[in-house]
Amino acid sequence: MRADFQSWVSARQSHFEEVLRSVLPRAEAMPQRLHEAMRYAVLDGGKRVRPLLAFATGELAGADEARLNIAAASVELIHAYSLVHDDLPCMDDDVLRRGKPTCHVQYDEATALLVGDSLQTLAFQLLAEQRLSDDARRQLEMIKLLAVASGSRGMAGGQAIDLASVGKSLTLPELEFMHIHKTGALIRAAVLLGAHCGSVSQAQLDKLDRFGKLIGLAFQVVDDVLDCEADTATLGKTAGKDADNDKPTYVSLLGIHDARAMAQRLHREALETLADFGDSALRLRELANFIVLRKF
Ligand code: GRG
């Protein structure tokens, strides 16, 4: 019998914590302060939504566990780097992340910068040095996929638009463009990397790609709603930052009621893309539900 969703999540999260511990440099290895700070930024925190998506898609695609561990770790390392850099004084200037002081507060700005750099390069080192596919060209495609999702045509590009949009009003398509890149690209990459670790047809891959895109955007809409509805203790990061920073969000553009309705519509459409997968997409469906219904 299959485990219920909560048991599956807990088992995956604790297994994945060990994976992360093993791929990160030991804190005792030189340069100790940098390695300690890298572990501080990555370990013991976060919902691990992107790795869970990679695992769920990999299970659907019959992927090898060891390969999935590496794909999931590479995405989470990129995510952790983005949070460390996003919290720096030159960006969002925040002091709290995952319920603890941000990396530059706990260490210092230069260390936090190097933590982000090192986590990013470690992600690509993992993808390049471990066998992820029997087809070498496919593995190169996977490396490229994560690079594009992370770079100026993905997450970093979305962040650049975000920084430039402070104090401005954006149209809904402009806001959507920003978030599809800033938040959505990495979530979509998590789904695709999970699929590439296993075997799916092109038609299935297209559907999973669309699922990743829709659920990535839904994640951000919900994030905007939570930023104005939840409290700092629940979120583990400073609540109300978007309004304080005069940032355009789905809530500022649509109002809370319509923003919630938009998240529900994206959720529904995301579930529709999984219709043909039957029982094999159970975990993906459950994760989609979690992403939209979460309270933190
Ligand atoms: C610095 C290149 C660069 C990019 C930063 C991801 C990002 C881009 C900034 C983070 C700021 C932010 C709050 C974005 C909204 C959505 C988001 C990514 C939230 C944090 O992700 P969660 O909720 O965090 O998955 P945990 O801690 O659970 O992993």
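Each ligand, and each atom within it, is numbered from 1 in the order the structure gives. Given the structure is predicted, the values throughout are model-derived calculations rather than measurements.
Shortest contact from atom 2 (C) of ligand 1 to any protein heavy atom: Y81 OH, 3.5 Å. Nearest protein heavy-atom contact of atom 13 (C) of ligand 1 is K237 NZ, 3.5 Å. In terms of protein heavy atoms, atom 27 (O) of ligand 1 is closest to R98 NE, 2.9 Å. Nearest protein neighbour of atom 6 (C) of ligand 1, counting heavy atoms only, is S82 OG, 3.3 Å. Looking only at protein heavy atoms, the nearest one to atom 16 (C) of ligand 1 is Q220 OE1, 3.4 Å. Protein heavy atom in closest approach to atom 14 (C) of ligand 1: K182 CE, 3.6 Å. Of all protein heavy atoms, the one lying nearest to atom 17 (C) of ligand 1 is F219 CE2, 4.0 Å. For atom 24 (O) of ligand 1, the nearest non-hydrogen atom of the protein is H79 NE2, 3.5 Å.
When all heavy atoms are compared, the tightest approach of Y40 to C103 is CE2-CA, 4.2 Å. Among all heavy-atom pairs drawn from S280 and L60, the shortest one is O-CB, 3.6 Å.
Residue T183 has no nitrogen or oxygen atom sitting less than 3.5 Å from a nitrogen or oxygen atom of ligand 1, judged on distance alone. Of the N or O atoms in E76, none lie within a sub-3.5 Å distance of an N or O in ligand 1.
Under the 4.0 angstrom criterion for non-hydrogen atoms, V49 is not in contact with ligand 1. At a 4.0 Å cut-off, not a single heavy atom of F296 sits close enough to ligand 1 to count as contact.
Classification of the Y250-H179 ring pair by plane angle, with boundaries at 30° and 60°, yields tilted.
With respect to the salt-bridge test (charged N to carboxylate O, under 4.0 angstrom), the residues R67 and D134 qualify. D224 has no carboxylate O lying under 4.0 Å from a charged side-chain N of K247, or vice versa, which leaves the two without a salt bridge. Between E65 and R12 a salt bridge is recorded (basic side-chain N to carboxylate O distance below 4.0 Å).
Geometrically, R48 does not engage F16 in a cation-pi contact, judged by NZ or CZ lying under 6.0 Å from the ring centre and within 45° of the ring axis.
A donor-acceptor pair under 3.5 Å links the side-chain atoms of R285 to the main chain of L274, judged by distance alone.
Donor-acceptor pairing under 3.5 Å is lacking for the side chains of H85 and Q120.
Near H85, meaning under 4.0 Å from one of its heavy atoms, ligand 1 places the atoms 1 (C). Of all atoms in ligand 1, listed by their number and element, those nearer than 4.0 Å to a heavy atom of G46 are 26 (P), 27 (O), 28 (O), 29 (O).
In the candidate list Q159, R50, K47, Q159 is nearest to atom 8 (C) of ligand 1, counting heavy atoms. Scanning D86, T249, D227, D223 for the heavy atom closest to atom 11 (C) of ligand 1 points to D86.
Under a hydrophobic-cluster definition in which Ile, Leu, Val, Met, Phe, Trp and Tyr are linked whenever side-chain heavy atoms come within less than 4.5 Å, directly or via other members, L175 and I161 are assigned to the same cluster.
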